[in-house]
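For reference, the structure is listed below as structure tokens.
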Amino acid sequence: MTKIMGILNVTPDSFSDGGNYVDIEQAVRHAKQLVADGADAIDVGGESTRPGASFVSAEDEIDRVVPVIRRLKRELDILVSIDTYKPEVAEAAVRAGADIINDVWGSKWGDGSMVEVAARHDVPIILMHNRSEPHGPDMLAEVRADLEDSIRLAKQAGVSENHIWLDPGIGFMKTHQENLFLMRHLSITTDFGYPVLLGTSRKSMIGLTLGLPADQRVEGTIATVCYGIQQGCEWMRVHDVQAVKRAAVMMDTMLAAELPGGE
């Protein structure tokens, strides 16, 4: 069955919900609601990754996420992931109880030591596709090669094979048309055989297609989730957990349906 990762941004400037959960009590309350709505994991982020967002120091990011992670692990029976590309933030978060590292740079930011944190603590790491340069004419080949590099780095660092997850990186260094094309060809990611997390929730790909602001993109998000499930993605990272969970259960049930005695 498809798993749902609820988004908890403890940031003042995230594109969709920035500033809503900077207070720890608000953050914990929202996390509890996400769990009640059906989340299988909570993804805690302390720095916005939207285009043009302000850089946050590792120290400030740690101050934002660690108290929240500690409270979540104390008060909820739920997997917690840390959404960061900084190894020192991941280290502090895992020590505070985070179960998964969600790295939007695929361990290619800075000195590349994020995979060493994952290996040292024996936790899963989500290697998202990202790059600093625009794509050329063969985007799919480039996405595959970039992901292969991230996988190689993880294996060289000693990350267990069953602790490598992938994310196609929808919305990161891709044009609107490239995002749509990558959605159409999600097999580029799923064919590796690792669990794939799909993060399309409320993103500009949906907004530009439908001409809608971030708070009106639930239906568009659900469409991408259902398509992602059909293409083999196992995890969905979303803001609107309840609606997406219901759609995912329906989609999973249809895909598994058989008649007595076979199809």
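Note that this is a predicted model, so its numbers are computed, not measured.
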Review point. Is the shortest distance from a Lys or Arg side-chain nitrogen in Glu47 or Arg64 to a carboxylate oxygen in the other one below 4.0 Å?
Key: no
Revision key, fill the gap. Note: Cys233 and Leu186 closest approach over all heavy atoms is SG-CD1, 4.0 Å
**Study point:** Under 3.5 Å: donor-acceptor pair, side chain of Asp23, backbone of Gln26
**Key:** yes
Point to revise | Flag, side chain of Ser150 to backbone of Gly106, donor-acceptor distance under 3.5 Å | key: yes
Check your understanding: Does Pro213 offer a backbone N or O that forms a donor-acceptor pair with the side chain of Arg217 under 3.5 Å?
Key -> yes
Practice item. Among Leu127, Leu166, Ile164, find the one that has a side-chain contact (heavy atoms from CB on, under 4.5 Å) with Phe192. Key: Leu166
Check your understanding: Which atom names give the shortest non-hydrogen contact between Ala96 and Lys73, and what distance separates them?
Key -> O-CG, 4.4 Å
Exercise for review: Starting from the C-alpha separation in whole Å, work towards a yes-or-no answer on side-chain contact (heavy atoms from CB on, under 4.5 Å) for Arg95 and His121.
Suggested key: CA-CA 9 Å; Arg95 288 182 179 275; His121 292 281; 4.2 Å; yes
Check your understanding: Is a donor on one side and an acceptor on the other found under 3.5 Å between the side chain of Glu178 and the backbone of Thr175?
Key -> yes
Check your understanding: For Met1, does its backbone N or O pair with a side-chain atom of Asp252 as donor and acceptor, under 3.5 Å?
Key -> no
Review point. Counting distance only, does the side-chain N/O of Asp60 pair as donor-acceptor with the main-chain N or O of Val56 below 3.5 Å?
Key: no
Check your understanding: For Asn9 and Thr11, does a side-chain donor sit closer than 3.5 Å to a side-chain acceptor?
Key -> no
Review point. What distance separates Trp165 CH2 from Ile100 CD1, expressed to the nearest 0.5 Å?
Key: 4.0 Å
Review point. Counting N and O atoms only, with roles assigned by atom type, does the side chain of Thr221 sit under 3.5 Å from a partner on the main chain of Arg202, one being a donor and the other an acceptor?
Key: yes
Review point. Got a sec: does the CZ of Arg152 have more than 12 other heavy atoms crowding it under 6.0 Å?
Key: yes
Check your understanding: Side-chain heavy atoms under 4.5 angstrom apart, residues restricted to Ile, Leu, Val, Met, Phe, Trp, Tyr: same cluster for Val159 and Tyr194?
Key -> yes
Exercise for review: May I ask you to check if Lys108 and Phe172 form a cation-pi contact, with NZ or CZ under 6.0 angstrom from the six-membered ring centre and within 45° of the axis?
Suggested key: no
Check your understanding: Say you draw a straight line from OH of Tyr85 to CE of Met114; how long is it, rounded to the nearest 0.5 Å?
Key -> 9.5 Å
Practice item. Supply the atom-to-atom distance Ile62 CD1 to Glu91 CD, rounded to the nearest 0.5 angstrom. Key: 9.5 Å
Practice item. Scan side-chain atoms only and decide if Ser187 and Gln231 contain a donor-acceptor pair under the 3.5 Å cut-off. Key: no
Review point. Taking atom NE2 of His30 and atom CG of Asp37, what is their separation to the nearest 0.5 Å?
Key: 8.5 Å
Revision key, fill the gap. One should read off an interatomic distance between Asn179 CG and Met173 CE, to the nearest 0.5 angstrom, of 11.5 Å
Exercise for review: Not counting sequence neighbours, which residues clear salt bridge (Lys or Arg N to Asp or Glu O under 4.0 Å) with Arg29? List them please.
Suggested key: none
Point to revise | ILVMFWY cluster, Val123 and Leu197 together (side-chain gap under 4.5 Å) | key: no
Check your understanding: How about Met5 and Ile42: do any of their side-chain heavy atoms sit closer than 4.5 Å?
Key -> no
Practice item. Apply salt bridge (Lys or Arg N to Asp or Glu O under 4.0 Å) to Arg184 and list each qualifying residue two or more places apart in sequence or on a separate chain. Key: none
Check your understanding: Does a donor on one side chain and an acceptor on the other come within less than 3.5 Å for Ser81 and Asp43?
Key -> yes
Check your understanding: Within the side chain of Lys174, is there an N or O that forms a donor-acceptor pair under 3.5 Å with the backbone of Ile170?
Key -> no
**Study point:** Hydrophobic cluster identity match, Leu34 and Val68, side-chain contacts under 4.5 Å
**Key:** yes
Review point. In terms of the angle between their ring planes, are His129 and His135 parallel, tilted or perpendicular, with boundaries placed at 30° and 60°?
Key: parallel
Check your understanding: Does atom CD of Glu148 have more than 12 heavy-atom neighbours, drawn from other residues, nucleotides or ligands, at distances under 6.0 Å?
Key -> yes
Exercise for review: Take Lys86 and Glu61 through the salt bridge (charged side-chain N to carboxylate O under 4.0 Å, His left out) test and state the conclusion after the steps.
Suggested key: CA-CA 9 Å; Lys86 303 185 187 77; Glu61 193 174 344; 2.6 Å; yes
Review point. Checking side-chain contact (heavy atoms from CB on, under 4.5 Å) against Val44, which of Val66, Ile7, Val10 comes through?
Key: Val10
Point to revise | Linked, directly or transitively: Leu72 and Ile126 (ILVMFWY side chains, under 4.5 Å) | key: no
Exercise for review: May I ask whether Leu76 and Val65 are part of the same hydrophobic cluster, defined by side-chain heavy atoms of I, L, V, M, F, W, Y residues being less than 4.5 angstrom apart, directly or through others?
Suggested key: yes
Revision key, fill the gap. Tightest non-hydrogen contact, residues Asp99 and Pro124, listed as O-CD, 3.3 Å
Practice item. Drop me the distance from Ile101's CD1 to Ser107's OG, to the nearest 0.5 angstrom. Key: 9.0 Å
Exercise for review: Could you tell me whether a side-chain N or O of Thr84 sits under 3.5 Å from a main-chain N or O of Val89, the two making a donor and an acceptor?
Suggested key: no
Check your understanding: side-chain contact (heavy atoms from CB on, under 4.5 Å) between Thr2 and Met251: does it pass, once the steps are laid out?
Key -> CA-CA 9 Å; Thr2 303; Met251 194 72 187; over 6 Å; no
Review point. Within the distance-only criterion (no hydrogens, no angle test), does the side chain of Ser160 pair as donor or acceptor with the backbone N or O of His163 below 3.5 angstrom?
Key: no
Study note, to complete from the structure: Exactly one candidate in Val225, Asp83, Leu198 meets side-chain contact (heavy atoms from CB on, under 4.5 Å) with Arg237; the answer is Asp83
**Study point:** From CA spacing to verdict: side-chain contact (heavy atoms from CB on, under 4.5 Å), Lys245, Met236
**Key:** CA-CA 9 Å; Lys245 181 76 171 186; Met236 303 294 158; over 6 Å; no
